[in-house]
Amino acid sequence: METDADRARMFGEVISDLIFSPAGRLAELVRVQLADGRVLSFGARDLATAAAIADGIVGPTVARAARRDLRAGRPAPLPLTVEELRAATVQYFLRRCATITRDNIRGLLPERIPEDQAVVKVERVAVVTGSMPP
């Protein structure tokens, strides 16, 4: 029988795989061209924080699922599914990527962009579309 601890571990692994997989869907979200011609790539792993995961993904996803289930007349919310969490993770990082500009990239990733280099261009590699499978 699956325990709450087992589900939490499984959910943690799903989110971790999505965010930190070097070849996954969220591995490259933004490319930054520097003044010296170098191009740096950034993905979810570069933008992830514990607060982002807890407050930007898990909390809102649980709340959305609870509202949906209560509106459907269920006496209590159904457990969150892996698919819901996976989709919410992808959506969060794609929305986050859409807000990155040449002017704010250095503040988001100060350790990765050399201070002596101007950011010439920011290119969003991933785009938010209407229907995105996990």
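The residues of the chain are indexed from 1 along the displayed sequence. No experiment lies behind these values; they were computed from the predicted model shown.
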Run the side chain to side chain contact (heavy atoms under 4.5 Å, CB included) check on Leu26 and Phe20 step by step: do they pass?
-> CA-CA 8 Å; Leu26 300 175; Phe20 298 105; over 6 Å; no
Do [X] and [Y] have side chains that get closer than 4.5 Å, going by heavy atoms?
X: Leu40; Y: Leu34; result: yes
X: Lys121; Y: Val32; result: no
X: Leu29; Y: Val125; result: no
X: Ile113; Y: Val119; result: yes
X: Val30; Y: Ser41; result: no
X: Thr61; Y: Tyr92; result: no
X: Arg9; Y: Asp6; result: yes

Spatial distance of atom [atom1] ([X]) from atom [atom2] ([Y]) [nearest 0.5 Å]:
X: Arg106; Y: Leu109; atom1: CZ; atom2: CG; value: 10.5 Å
X: Leu18; Y: Phe93; atom1: CG; atom2: CZ; value: 9.0 Å
X: Arg96; Y: Leu94; atom1: CZ; atom2: CG; value: 12.5 Å

Please name all residues satisfying side-chain hydrogen bond (donor to acceptor under 3.5 Å, both in side chains) with Thr81, sequence neighbours left out, ordered by chain then number.
->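 Here the qualifying residues are Glu84.
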Would you please name every residue forming a side-chain hydrogen bond (donor to acceptor under 3.5 Å, both in side chains) with Asp116, sequence neighbours left out?
->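 side-chain hydrogen bond (donor to acceptor under 3.5 Å, both in side chains) check on Asp116 returns nothing, list empty.
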Show me the donor-acceptor pairs, under 3.5 Å and distance only, between side chains in residues 45-60 and residues at least two apart or in other chains.
| residue | atom | partner | partner atom | Å |
| --- | --- | --- | --- | --- |
| Arg45 | NH1 | Ala27 | O | 2.7 |
| Arg45 | NH2 | Ala27 | O | 3.4 |
| Asp46 | OD1 | Arg112 | NH1 | 2.6 |
| Asp46 | OD2 | Gly43 | N | 2.8 |
| Asp46 | OD2 | Arg112 | NH1 | 3.4 |
| Thr49 | OG1 | Ala52 | N | 2.9 |

Consider only side-chain heavy atoms of I, L, V, M, F, W and Y, link residues closer than 4.5 Å, and tell whether [X] and [Y] are in one cluster.
X: Met10; Y: Val90; value: yes
X: Val39; Y: Phe42; value: no
X: Val120; Y: Ile100; value: no

Non-hydrogen atoms of [X] and [Y] that approach each other most closely:
X: Pro114; Y: Arg38; answer: CG-NH2, 3.5 Å
X: Pro75; Y: Leu70; answer: O-CD2, 4.2 Å
X: Gln117; Y: Asp36; answer: OE1-N, 2.8 Å

For side chain to side chain contact (heavy atoms under 4.5 Å, CB included), just list the numbers for Ile15 and Leu85, CA-CA rounded to whole Å, side-chain angles, deciding distance to a tenth of an Å, and then say yes or no.
-> CA-CA 8 Å; Ile15 288 178; Leu85 190 58; 3.7 Å; yes
Under the side chain to side chain contact (heavy atoms under 4.5 Å, CB included) rule, what do Thr101 and Val122 come out as? Steps first, then yes or no, please.
-> CA-CA 6 Å; Thr101 66; Val122 171; over 6 Å; no
Indicate yes or no for a side-chain donor-acceptor contact from Asn104 to the backbone of Thr99 under 3.5 Å, with no hydrogens or angles considered.
-> yes
Indicate yes or no for a side-chain donor-acceptor contact from Asp69 to the backbone of Leu78 under 3.5 Å, with no hydrogens or angles considered.
-> yes
Test log, rule side chain to side chain contact (heavy atoms under 4.5 Å, CB included), inputs Phe11 and Leu80 = CA-CA 9 Å; Phe11 283 7; Leu80 190 64; 4.0 Å; yes
